[in-house]
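Residue numbering restarts at 1 for every chain, and letters A, B, ... go by the order of the sequence lines.
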Number of protein chains: 2
Amino acid sequence: MLELPAIDLTASAAPQVYDRLRRAILRGALVPGDRLSESEVAKLMGISRQPVREAFIHLASDGLAEVRPQRGTYIRKISISDVLSARLIREAVEGDLIRMVAAKADPALLPRLDAEIQQQRQALAQGDSDLFVRLDDRFHRMLAEAAGHESVWNVLEGLKSQMNRLRHITARTFDIQKLIDQHVEIVEGLRAGDAAQAEQAMRRHLNQLLDDLPEVTRSRPELFIP
Amino acid sequence: MLELPAIDLTASAAPQVYDRLRRAILRGALVPGDRLSESEVAKLMGISRQPVREAFIHLASDGLAEVRPQRGTYIRKISISDVLSARLIREAVEGDLIRMVAAKADPALLPRLDAEIQQQRQALAQGDSDLFVRLDDRFHRMLAEAAGHESVWNVLEGLKSQMNRLRHITARTFDIQKLIDQHVEIVEGLRAGDAAQAEQAMRRHLNQLLDDLPEVTRSRPELFIP
DNA sequence: TATTGCATACTTCCATACAAGAAAGCAATC
DNA sequence: GATTGCTTTCTTGTATGGAAGTATGCAATA
């Protein structure tokens, strides 16, 4: 059913269980609707039920799992409403951040962004969509850092866990070439020193999800709730 | 030390403990640096350690508490970096939302906002700063709802828990009259149907925190970490 | 055949006991 | 007097047993 790396017996068990399950959910190894059991996971990892239970509570607090008393614990379905909220927040925040980056006009930044985009093209050429998702994250983080607000990205990252699940599970259906082109547009806006252009490009980029979402939810309706 | 309402024995204990402790933290009854003990809270509530422990884990996941193994559990100090991130995010998001509200131009909305501001004035007249904080929350929530994105506010609310603690603990040092005036400016922007004016007013309003923060951190440095 | 009732096998939840680590006080020693 | 080491007492972490609630399959009944 599920492969989990063995835990380190010298450290606390509960955080390790949490970490492993969280990764499994985010990479799509555990899909929405899957059922978890305290005793089953405990046996799988060779520990007692209590630390597993604590990991479940932590996951539920993240919105990744749902504990239904006396029934079972389930991987939470992807809330379309949450995804849309996260997208709107990202558009507003990253729109502001890219304006700050343009205002700073750091000359050393542009070559680094170009190099990132080159790596994204390689990921596309290799057909490695998981790699692209990671590179995409890094691209946006780099921009937040360039704006002087890396900590903002850390906050957003927790918030957009639902978006990440969506992208991993349905990675194949996205048009990576188009996303890369949009990244290029953003960088070109920065190169031109045109804050408004860069912001428009960023907002278009983050609006792309709205185009892709309907098809995804139609093809895999069992993974979603409103 | 701490007053906690008795729990309902017919319902699950852990969520109730979580809820009571969370409220106590947000209203400032538990201040940053305070120490909690599983067994102490358990005795106080007449239950065993286990559900208390689970509540602690949930609080830690919210960033409100910090469990230090074999040492104790502490109310987390207010992270200035987190507060600043939350403020920046709010400015970007609510700036976008207020533009949407202006675009909708719902005629029934303005009287409701006026009534809200009247209540805020009453809270000021009564010197009830806790009430004003709650009304302020409601004012912003109402605007998000008017933009058609109440769920976005739900997400922001969890994110800005650190901001709420700050405001409750230091409520006296804020100039409530000024905040109300800024609310009026926002509503006037809407009344004029001027999206740009409304957005500017909102951004000024949310920038107010940057003016107030230095004095607060200087007067109570023991409550903060960078 | 359709429905009701019950036994059974799960699940999460709570209480309790014990283990392991950290801190503080105190005494012995240099 | 200062330091070291031990003892005690606290803390959180884990294991386990049992309680209560839920779903399911099966048999009895209308």
Can you tell me the distance, in whole Å, between the [atom1] atom of [X] and the [atom2] atom of [N]?
X	N	atom1	atom2	answer
B/Arg35	D/dC10	CZ	P	11 Å
B/Leu59	D/dT12	CG	P	13 Å
A/Ile57	D/dT14	CD1	P	13 Å
A/Ile47	C/dA19	CD1	P	19 Å
A/Arg71	D/dA20	CZ	C1'	14 Å
A/Lys43	C/dT11	NZ	C1'	14 Å
A/Leu36	C/dT12	CG	P	9 Å

Counting just side-chain N and O atoms, does [X] come under 4.0 Å of either OP1 or OP2 of [N]?
X	N	result
A/Ser37	C/dC10	no
A/Ser39	C/dT11	yes
A/Ser12	D/dT12	no
A/Arg68	D/dT22	no

Among [options], the one nearest [X] by side-chain distance:
X	options	value
B/Glu54	D/dT12, C/dA23, C/dC14	C/dC14
A/Phe56	D/dT12, C/dC14, C/dT12	C/dT12
A/Gln50	D/dT14, D/dT12, C/dT12	D/dT14
B/Ala14	D/dT11, C/dC14, D/dA15	C/dC14
A/Arg53	C/dA15, D/dT12, C/dC14	C/dC14

Does any non-hydrogen side-chain atom of A/Glu54 lie less than 4.5 Å from one of B/Gln50? yes
Between B/Glu38 and A/Ser48, which is nearer to the 5' end of DNA chain D once each is assigned its nearest nucleotide? B/Glu38
If you measure from the Lys or Arg side-chain nitrogens to the Asp or Glu carboxylate oxygens, is any gap between [X] and [Y] under 4.0 Å?
X	Y	value
A/Glu91	A/Arg87	yes
B/Asp106	B/Arg112	no
B/Lys77	B/Glu66	no

Identify the residue among B/Asp212, B/Asp130, B/Asp137 that makes a salt bridge (Lys or Arg N to Asp or Glu O under 4.0 Å) with B/Arg167.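 Testing B/Arg167 for a salt bridge (Lys or Arg N to Asp or Glu O under 4.0 Å) against B/Asp212, B/Asp130, B/Asp137 leaves exactly one candidate, B/Asp137.
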Can you tell me whether the side chain of A/Arg49 and the base of D/dG18 have a donor-acceptor pair closer than 3.5 Å? yes
Between the base of C/dT11 and the side chain of A/Gln70, is one N or O donor paired with an acceptor at under 3.5 angstrom? no
